[in-house]
Structure formats: structure tokens, C-alpha cells
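Note that this is a predicted model, so its numbers are computed, not measured.
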Amino acid sequence: MKRYLDVYKQGMYSALQSAAAYRMNFIVSSLITLAGNILFPLVTLLIYRAGTSFPGWGLYEVLLIQSVFTMSSGLSSLIFGGVLWTTMSHVREGSFEVILLKPLNPLFFIIATTFSIDSVGLFLGGVSLFIFAAMHVGAIPVLFWLQFAGMFIAGTAVLAGLSLMMAAISFKWVGNSRISELADSVLHIGKYPLPIFPKAVQAAATMIIPVGMVGFLPASALLGRVHASDYAAILPCFLFLAAGIWIYRHMIRLYEGVGG
């Protein structure tokens with residue numbers, strides 16, 4: 001275990017050193033990533049300023065959902081963001097053998113060496129929006145914070161599992177550079193209150209592809225709006241992550257080393 005921790009710490013240190021060496025590139029990349037994800041809160045603000053709203057949800061409550069989504073996305077991108085593009089690049093070039101020859105688990109090695117420091121801007125932007133929204137929704141009991149923490153971790157597990165599944169597809173479907181856009185389309189559901197969607201979508205977003213846990217349910221926990229049945233959605237989140245790890249490891253065995 002100590003060996004793995006040392007490798008991961010070295011990977012983080014290398015990422016920080018790279019960001020320090022190319023400071024302007026790091027700053028611009030972080031700002032672009034943040035700007036691309038701050039659009040939805042701005043749209044929400046415009047919707048409420050125009051006199052319309054999501055039924056049953058105030059402005060700051062919706063902003064709380066979207067801030068949690070942004071924080072979870074930022075944290076997942078920091079840890080797992082580089083897995084998809086690194087895997088895709090190696091498979092396309094037929095050089096994944098370089099990773100297979102390392103005296104470490106291939107998946108762990110990729111995660112440890114692709115710490116995406118550029119995503120820190122996205123995470124901190126989400127934290128800032130979260131603090132702003134939380135200050136306007138009233139006092140939050142300690143129990144609600146504990147519920148939020150558990151659901152937030154579960155939501156991050158969903159994003160990690162999705163990243164691993166998309167990366168795993170690269171071993172057989174080399175030209176899948178657009179797959180992340182398809183995943184983003186599904187994830188957008190987590191940025192809004194689930195009750196505004198049909199019942200079938202709500203069920204799918206909590207029990208099949210649990211994107212509701214990425215933003216909506218953790219924010220609902222802070223607001224005291226979760227029901228006993230909502231906690232059942234935590235299990236599919238970690239099953240989703242386990243499935244992502246299993247699929248990735250299985251697809252490695254199908255790698256033929258011929259590139260694209």
C-alpha cells in the first residue's frame with residue numbers, strides 16, 4: 001500500500017511541477033474549463049430574473065444543485081480526468097504495451113500519472129458557488145451535512161465509473177473521441193431538480209445510470225428534501241464504479257497492440 005501511495009504522491013508532485021513550469025498555460029486552461037461549466041448557473045440566473053422558475057425550487061436551491069454538480073465534476077476530473085484521453089492515445093498509437101510493462105496495475109498507473117491539475121479551477125469555482133448558494137438557503141443541520149458528504153462521494157463514484165467505462169471502450173472502438181460528448185448529454189440531467197423530469201427518467205437517473213446523485217440528491221440532502229427511498233440510490237453508484245473498474249480491466253485483456 002505504501003508503494004502505491006508513494007507512486008500517487010509522485011504523480012501529483014509531477015503534475016504540480018508541470019503546472020508551475022507552464023504557469024500561463026495552467027491559468028488559461030483552468031479559466032477555460034471553468035468558463036465552459038459556469039454557463040448553466042448563469043442561464044439559471046437569467047431564467048429566474050425573467051420571472052420563470054423550476055416548480056417548487058427557488059433560485060439558490062437550484063444554484064446549490066449546480067454547484068454540487070460542478071464540485072463533483074471538478075473532483076472527478078482531477079483524479080480520473082486523464083484516464084480516457086491517455087488510454088485512447090496509447091491504444092490509437094499501439095503503445096499501451098509501455099504501460100503493461102510497468103511493475104504496477106495498469107489502471108492505477110494511468111490514474112496516478114494523469115492527475116489533471118487543470119481541473120482545480122473547476123473544482124474551486126464549484127466550491128465558491130456552493131458557499132454562495134448555501135449562505136442563502138438557511139441554516140443546515142449537522143445531520144444534513146453528513147448525509148450530503150455520503151451522497152457527494154457516491155456522486156463522484158458515478159463520474160469515475162463513467163470515465164473508466166468510456167476509456168475501456170477505446171480498446172475496441174478506437175475512434176471514440178466524441179463519446180465524452182454523449183456522456184455529457186446524459187450528465188446534464190444531474191444539474192436540474194429531478195422532479196421536473198418524467199417518472200421514467202427519474203428512475204433511470206437514480207437506479208440505472210445514477211446521474212441524479214452527482215448534483216440533485218446531495219443538494220437535496222442539504223435542504224432536507226431526501227426521502228428514505230433516495231438512500232437506495234447510493235448502492236448503484238458504487239456498483240457503477242465497480243463495473244467501470246471491471247470493464248476496464250477486462251478490456252485490457254482484449255488489447256491487440258495494433259493501434260488505430
Exercise for the section: Taking the side chain as every heavy atom from C-beta outward, state whether I234 and M213 have any atom pair closer than 4.5 Å. Expected result: yes

Fill in the blank from the handout: Across all chains, not counting sequence neighbours, the side chain to side chain donor-acceptor pair (under 3.5 Å) partners of S220 are none

Exercise for the section: Please list, chain by chain and in numerical order, all residues satisfying side-chain contact (heavy atoms from CB on, under 4.5 Å) with I153, sequence neighbours excluded. Expected result: F238

Handout entry: Beyond-backbone contact of S170 with L84, side-chain heavy atoms, under 4.5 angstrom
Key = yes

Handout entry: Any pair counted as salt bridge (Lys or Arg N to Asp or Glu O under 4.0 Å), so long as it reaches residues 72-91, sequence neighbours left out
Key = none

Handout entry: Pairs where residues 202-214 contributes a residue and the test side-chain hydrogen bond (donor to acceptor under 3.5 Å, both in side chains) is met, not counting sequence neighbours
Key = none

Exercise for the section: Could you check if a side-chain atom of I189 sits within less than 4.5 angstrom of a side-chain atom of L194, using non-hydrogen atoms only? Expected result: yes

Problem - Validation row: V68, F148 side chains within 4.5 angstrom (heavy atoms) - result: yes

Practice task
List, by chain and then residue number, the residues other than L235 in its hydrophobic cluster (Ile/Leu/Val/Met/Phe/Trp/Tyr, side-chain heavy atoms under 4.5 Å); write none if there are no others.
Solution key: L239

Practice task
Not counting sequence neighbours, list each pair that qualifies as a salt bridge (Lys or Arg N to Asp or Glu O under 4.0 Å) and has a residue in residues 119-133.
Solution key: none

Completion exercise
By ring pair (Phe, Tyr, Trp, His ring centres under 6.0 Å), Y248 pairs with (sequence neighbours left out) F171

Handout entry: Pairwise side-chain contact, Y231 with M151, heavy-atom cut-off 4.5 Å (strictly under)
Key = yes

Exercise for the section: Apply ring pair (Phe, Tyr, Trp, His ring centres under 6.0 Å) to F144 and list each qualifying residue two or more places apart in sequence or on a separate chain. Expected result: none

Handout entry: S72-T156 side chain donor-acceptor pair, cut-off 3.5 Å
Key = yes

Problem - salt bridge (Lys or Arg N to Asp or Glu O under 4.0 Å) partners of residues 201-225, not counting sequence neighbours, each pair once - result: E61-R225

Exercise for the section: Kindly write out the residues that satisfy ring pair (Phe, Tyr, Trp, His ring centres under 6.0 Å) with H250, not counting sequence neighbours, or none if the list is empty. Expected result: W246

Exercise for the section: For T86, check side-chain contact (heavy atoms from CB on, under 4.5 Å) against everything at least two apart and list the hits. Expected result: H90, I110, T114

Handout entry: Side-chain touch L107/L164, heavy atoms, less than 4.5 angstrom
Key = yes

Exercise for the section: Please list, chain by chain and in numerical order, all residues satisfying side-chain contact (heavy atoms from CB on, under 4.5 Å) with S67, sequence neighbours excluded. Expected result: L64, L129, F130

Practice task
Mind telling me whether Y192 and F197 have parallel, tilted or perpendicular rings, with 30° and 60° as the class edges?
Solution key: perpendicular

Handout entry: Polar side-chain atom of S89 near backbone of W85 as donor-acceptor pair, under 3.5 Å
Key = no

